[in-house]
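Below, chain A is the first sequence line, B the second, and so on; all start at residue 1.
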Amino acid sequence: MRSDSSDDDFLLARASHLSAPTISPSTDREMDKSASKARPVPAGISIRNGPVGDRMDVDSTPNGAKRKSRSSVGQAVKYKEESDSDDGAPLAKRPRPNQKKAQPDSDDEPVARRNGTKLPPSYKETATLESSDDDQPLGTKLAQRKADIEKAAVKEAKALRADAKAKKATPKKAIKDESDDEPLAKPKKRQSNGVSSAKKTNGVKQEPESDSDAPIARKAKKAAPAPKKGKAAPASKAKAVKDESKDNSEGEEEEEYRWWDAPKKEDDSIKWNTLEHNGVLFPPPYEPLPKNVKLYYDGQAVNMHVDAEEVATFFGSMLHSTLNVENPVFQKNFFNDFKDILKKTGGAKDANGKAIDIKDFKKLDFTKIFEHYKALSDAKKARPAAEKKAEKAERDKVEAPYMFCKWDGRKEKVGNFRVEPPGLFRGRGEHPKTGTVKKRVMPEQVTINIGKGAKVPAPPAGHKWKAVQHDNKATWLAMWQENVNGNYKYVMLAANSTVKGQADFKKFEKARELKKHIDRIRADYTRELKSEVMADRQRATAMYLIDRFALRAGNEKDTENEAETVGCCSLKYEHVTLKEPNIVVFDFLGKDSIRFYNEFPVERQVFKNLKMFKKAPKEDGDDIFDRLTTSQLNKHLSSYMPGLTAKVFRTYNASWTMSHLLQKLKVDDRPMSEKIKLYNDCNREVAILCNHKRTVGTGHEAQMEKLGDRLKGLKYQKWRTRMMMLDVDPKLKKKKGAEFFELDPELDQAWIEKHQAFLVEELKTKIEKKFEKDNEKLAAEGKTAMPAKELKERLKAVGELEAKFKKENKTKKVEAEGKGPTVEKLTTAVDKLDERIKTLEIQCADREGNKDVALGTSKINYIDPRLTVVFSNKFKVPIEKFFSKTLRDKFTWAIQSVGDDDTWEF
DNA sequence: TTAATCACTTAGAACTAGCTTG
DNA sequence: CAAGCTAGTTCTAAGTGATTAA
């Protein structure tokens, strides 16, 4: 019954390749044809880091078609203005009808650099925790475990429902149950604020100038306190602990508000009743360069208007950021803006006031500017501590008024009260606008949201706010629109605030609620994988991917003005490759242009579907899910459970996975440090699941090498010690066997000699340093320094060491060192070395496995903090070991509501 | 519908503070 | 006792998804 009927079809068809609305059995069968007899790999096993090389080349495609096709049609998008001008059809924002023609748009801009530049680090051997044993590609285990976990999930869902049926009124949630408050008290949206009605123009809203502070007038309604199910106080059964005694608020002004103990709010669309704050803090004005610091053009010092100079300093002060500065798009955008401002402000002049025509970026030399700023910051760093402290105090004083606001009478921390300073926009990945000037935000652009009765913060002298509104359905205190992309910037409360905490709590409760429905949802989409309605089949397939592989929803993007990244629903032809009989290879850039590369075995039906969605004439640039949008998907999801959207799956999967990984750990009698490591290992698996990455630092390789050398050094020392044993007691060779004294094969002679040289050198510098220091000390005490002779004397040890090594190399023997060496003593020495080797090895593996995985994001956003609290309780590991101070603040609700309970479950 | 707007969460990189450690 | 690192914090870009407007 899908109604993307004619009209739609027509539109789409004309734009790109669309799959048939329905699927005939024959088509279905066709997909089977090519399937070899090969035995499918069981679904759920992932193969990470498969081949990478060639496929990496996103650009080249079989037929030479460009991957990056653009919506040629009059450069689509361009809001307002444009829309009426050219091409009557406002071509959807959705790049969806992604026409591939227009491809030879080749060089109109240096954007074409796609290949070399970005493309994430090399992933040839991406992390691999448990590097140990198995040759199985990393993800495998994870996936296997995941399969188990899923099974468990189904079971639990059933149990939950049965349970619920049995005793309807007793939800199993902890704390006051949020979720099943059911008919979903829709937040009831506010309508726009003073800014509304504005239109994007070139990506930026136009001043409506409607200003004044009139707007507002929420539609306060909101389906009245919905007939809140009878369910009285949600007696949290799991955690009886909490004293239900309403918080002991005692009005205690500064006492923290234990909202998690308080009764649930009926209407959570109203975020506050009173709100007071002091607005925003503007960045300091631009400070012109000293006379002697200039920008140079073709070797000539350039004079220009301060406004232009400021822009020049934006670039000049970031020369260290080669990634940006050397990016041609960045340069181009910057240069255009720079020339613009020059033109507007009277141009550039040489020392004699003669105009300089700046037209070649390459001739600009910013180094003097860069050095100037470098010197400034160095000087700043070098200042005496007292001075720094004084400055900090001063800064704190300035900030103080903005740090907190009064929200319903309570003091709450404000998050980002600072207005973003001007600079160059640093878009990530291949952002077409990277390098454009981000202009200074003026008070006239800033809208203030504040309580009706509250005193409106005064704008900087001589200025006024764009608008002042009193929207208590919004949580932001101030807002402005940025000029580069026209994005909104909000000043909101800090993560540890009540509102944010409540939202966080709600998010996790929502994810927990999904537990109750997951089996049904999975059963449904599994069935619908075979639907003959294309739209349904695509939806089911997408759900499968989102559920199993934690893909993001994949909203449509503005191809023209944003980096090309995708999520599930926006996957394109070239992002998915199929390997018979059932392996799907994903390779695309996701959020933040982070590469997602994975090979997953999938259920055969999913494989067939994807094959079908890629069926000719589809080609590079075409949507795989051409009959699915995120809104359709989410709409469907919400039919299972109010508030269920694609995003919830990520939270659910991450927390659920963490929960089960933790449960499986054998932790009990381990030392604390190991418990922590085990926890982190689980955390890491979740991070991998969510594809949270960090760039491996440039120094990584070198660091690893250093560690490796240290490790080898230890092994060498161990060997030497054993040889000493032999020296003490030659009979040992028989007793222990020759093997015992064998040199580790990875230590070849060449390395040994290098290492010996290193040791010798090390000893030398050590002695020299010591000598110097001793002399300084003597000098300080007014005594005369030791003569150089003394140094020579001391350095004799170096020569001795060198000689010793030489001898060892020749005789292949090692003389026992130390006083009264015995086999015993040497044995303990070896044991100690072994110990150190082991810890170092672990450390190495750990670091290698961790090099490109970021644990933080999942800890902060996806893993229900209560899981961590319970783990901490259960195994007596202080919570500080898992949560930093700020995280503890952010998760106070979790820490407090769980208390010392160690039975809470996700 | 579909496109546009708006609010809020999620994300990695840049920056910083505090801690070895050489 | 600075250098060098790491862990923690700040910054702001880039997503998601609800609502509204046309």
Side-chain angles (χ1 to χ4, degrees), chain A residues 3-4 7-8 11 77 79-80 83 90-94 96 186-193 195-200 205 219 271 318 320-321 323-324 377 381 415-416 418 420-421 423 425-429 431 433-434 438 449 471 473-476 479 481-482 484-490 492-495 499-500 503-504 507 552-558 562-563 565-567 569 590-594 629-631 633-635 637-638 643 645-648 650-651 690-695 697 699 703 762 765-766 769 773 847 854-858 860-862 883-887:
Chain A
S3 64
D4 41 359
D7 221 348
D8 191 18
L11 222 173
V77 207
Y79 301 110
K80 184 51 178 196
S83 65
L91 215 311
K93 168 180 183 140
R94 175 144 225 234
R96 129 107 71 91
K186 260 319 168 167
K188 219 52 212 190
K189 230 355 194 255
R190 87 190 80 5
Q191 62 195 193
S192 68
N193 41 41
V195 196
S196 67
S197 83
K199 285 283 155 37
K200 277 203 172 185
K205 272 187 168 187
K219 22 179 50 183
K271 303 298 184 9
M318 61 184 291
H320 58 281
S321 177
L323 197 86
N324 289 304
S377 86
K381 257 181 250 158
N416 54 329
R418 234 182 276 276
E420 293 174 15
F425 172 69
R426 292 147 89 110
R428 309 190 180 172
H431 195 118
K433 299 213 178 164
T434 192
K438 199 168 98 169
N449 190 38
D471 182 355
K473 291 202 167 69
T475 67
W476 51 271
M479 180 223 52
Q481 211 172 0
E482 151 267 341
V484 178
N485 298 292
N487 291 333
Y488 300 92
K489 302 292 190 150
Y490 298 90
M492 295 188 194
L493 295 202
V499 251
K500 293 288 187 185
D504 216 26
K507 171 183 79 186
R552 294 192 180 82
N555 279 318
E556 50 200 58
K557 292 185 72 180
D558 172 354
E562 292 178 283
T565 60
V566 299
C569 295
K591 181 175 178 180
D592 292 307
S593 291
I594 295 296
T629 65
T630 50
S631 354
L633 175 64
N634 284 335
K635 193 169 159 216
L637 289 176
S638 68
T645 62
K647 168 178 188 287
V648 178
R650 257 169 96 77
T651 314
C690 296
N691 202 234
H692 290 145
K693 301 225 167 127
R694 58 177 180 176
T695 49
Q703 282 169 15
E762 191 183 47
T765 52
K766 205 162 132 195
K769 276 243 173 84
K773 222 172 241 158
R847 190 191 278 231
L855 305 195
T857 306
S858 51
I860 294 168
N861 299 302
Y862 288 104
F883 291 156
S884 67
K885 173 76 170 66
T886 32
L887 233 36

Inset, instruction - Take the protein atom CG of A:D558 and the nucleotide atom C1' of B:dT5, then report the distance between them rounded to whole Å. - result: 14 Å
Provide a list of protein-nucleic acid N or O atom pairs under 3.5 angstrom, restricted to nucleotides 5-8 of chain C.
residue	atom	partner	partner atom	Å
C:dT6	OP1	A:R847	NH1	3.1
C:dT6	OP1	A:R847	NH2	2.5

Inset, instruction - Check whether any side-chain nitrogen or oxygen of A:T857 sits under 4.0 Å from OP1 or OP2 of B:dG12, and answer yes or no. - result: yes
Under 3.5 Å between N/O atoms: give me all the protein pairs with nucleotides 1-3 of chain C, atom names plus distance.
none

Legend entry - Touch class at under 4.0 angstrom, heavy-atom based, for A:G856 against every strand present: nothing
Legend entry - Check: A:Q481 side chain, A:G486 main-chain N or O, donor-acceptor pair, under 3.5 Å: yes
Legend entry - Below 4.0 Å: OP1/OP2 of C:dT10 and any side-chain N or O of A:R418: no
Inset, instruction - Return the 5'-most residue of the pair A:I860, A:V648 with respect to DNA chain C, ranking by each residue's nearest nucleotide. - result: A:I860
Legend entry - First of A:K635 and A:C690 reached from the 5' end of DNA chain B, by closest nucleotide: A:K635
Legend entry - Residue pair A:L633 / A:C569: nearest heavy atoms and the distance that separates them: CD2-SG, 3.9 Å
Inset, instruction - Would you indicate which nucleotide in C:dT12, C:dG15, C:dA14 comes nearest to any side-chain atom of A:K438? - result: C:dT12
Inset, instruction - Grab the CG-C1' distance between A:L887 and C:dT10 for me, whole Å please. - result: 14 Å
Legend entry - Beyond-backbone contact of A:L493 with A:W476, side-chain heavy atoms, under 4.5 angstrom: no
Inset, instruction - Using whole Å, report how far CG of A:N555 lies from C1' of B:dA7. - result: 14 Å
Inset, instruction - May I ask you to evaluate whether A:T695 reaches the phosphate of B:dA13, defined as a side-chain N or O under 4.0 Å from OP1 or OP2? - result: yes
Legend entry - Sugar-phosphate, base or nothing in reach of A:A563, heavy atoms under 4.0 Å: nothing
Inset, instruction - Examine B:dT9: is either OP1 or OP2 under 4.0 Å from a nitrogen or oxygen in the side chain of A:N861? Give yes or no. - result: no
Inset, instruction - Quick one: stems involving DNA chain C, counted as three or more successive Watson-Crick or G-U pairs, both distances short of 3.5 Å. - result: B:1-22 with C:1-22
Inset, instruction - Would you kindly give the CG-to-C1' distance between A:N487 and C:dT12, to the nearest whole Å? - result: 11 Å
Inset, instruction - Please report, rounded to the nearest Å, how far the C1' atom of B:dT5 is from the CE atom of A:M479. - result: 11 Å
Inset, instruction - Could you check how far CZ of A:R694 sits from C1' of B:dG12, rounded to whole Å? - result: 11 Å
Legend entry - A:K557 side-chain N/O to C:dT16 phosphate OP1/OP2 under 4.0 Å: no
Inset, instruction - Look at A:Y490 and B:dC8 and indicate whether a side-chain polar atom (N or O) is within less than 4.0 Å of OP1 or OP2. - result: no
Inset, instruction - Would you check if the side chain of A:N449 reaches a backbone N or O of A:D471 as a donor-acceptor pair within less than 3.5 Å? - result: yes
Legend entry - Closest approach of A:T434 to A:F425 (non-hydrogen atoms, all atoms of both residues): OG1-O, 3.4 Å
Legend entry - Phosphate contact (B:dT9 OP1 or OP2) by A:Y862 side-chain N/O below 4.0 Å: no
Legend entry - Residue mapping more 5' on DNA chain C - nearest nucleotide basis, A:F425 or A:A553: A:F425
Inset, instruction - Would you please name every residue forming a side chain to side chain donor-acceptor pair (under 3.5 Å) with A:S321, sequence neighbours left out? - result: A:N324
Legend entry - Non-neighbouring partners of A:K591 that pass side chain to side chain contact (heavy atoms under 4.5 Å, CB included), sequence neighbours left out: A:R552
Legend entry - A:K271 (side chain) donor-acceptor with A:V499 (main chain) under 3.5 angstrom: no
Legend entry - OP1 or OP2 of C:dC11 under 4.0 Å from side-chain N/O of A:N416: no
Inset, instruction - Tell me whether the OP1 or OP2 atom of B:dC8 has a side-chain N or O from A:K507 closer than 4.0 Å. - result: no
Legend entry - Where A:T645 and A:L637 come nearest, the two heavy atoms and their spacing: C-CD1, 3.5 Å
Legend entry - Ion pair check, A:E420 and A:K489, cut-off under 4.0 Å: yes
Anything under 3.5 Å between a protein N or O and an N or O of nucleotides 14-22 of chain B, put it in a table, one pair a line.
none

Inset, instruction - Indicate whether OP1 or OP2 belonging to B:dT9 is found under 4.0 Å from a side-chain N or O atom of A:K647. - result: no
Legend entry - Short side-chain N/O contact from A:H431 to OP1 or OP2 of C:dA14, under 4.0 Å: yes
Inset, instruction - Compare side-chain N and O positions of A:K473 against OP1 and OP2 of B:dA7 and report whether any pair is under 4.0 Å apart. - result: no
Inset, instruction - Please check if the side chain of A:K433 supplies one atom and the backbone of A:G427 the other of a donor-acceptor pair under 3.5 Å. - result: no
Inset, instruction - Respond yes when some side-chain nitrogen or oxygen of A:T565 is under 4.0 Å from OP1 or OP2 of C:dG15, and no when none is. - result: yes
Inset, instruction - Return yes if a side-chain donor-acceptor contact under 3.5 Å exists between A:N555 and A:T630, otherwise no. - result: yes
Inset, instruction - Decide side-chain contact (heavy atoms from CB on, under 4.5 Å) for A:M318 and A:R426; before the verdict, give the C-alpha distance in whole Å, the side-chain angles of both, and the deciding distance to 0.1 Å. - result: CA-CA 11 Å; A:M318 61 184 291; A:R426 292 147 89 110; 3.0 Å; yes
Inset, instruction - Keeping the roles fixed (side chain from A:S638, backbone from A:K635), state whether a donor-acceptor pair exists under 3.5 Å. - result: yes
Legend entry - Distance, rounded to the nearest Å, where A:R650 contributes CZ and B:dT9 contributes C1': 12 Å
Inset, instruction - Check every atom of B:dA11, C:dT12, B:dT9 against the side chain of A:P421 and return the nucleotide holding the closest atom. - result: C:dT12
Inset, instruction - Answer yes or no: is there a donor N or O on one side and an acceptor on the other, between the side chain of A:D592 and the main chain of A:R428, under 3.5 Å? - result: no
Inset, instruction - Using whole Å, report how far NZ of A:K271 lies from P of B:dA7. - result: 10 Å
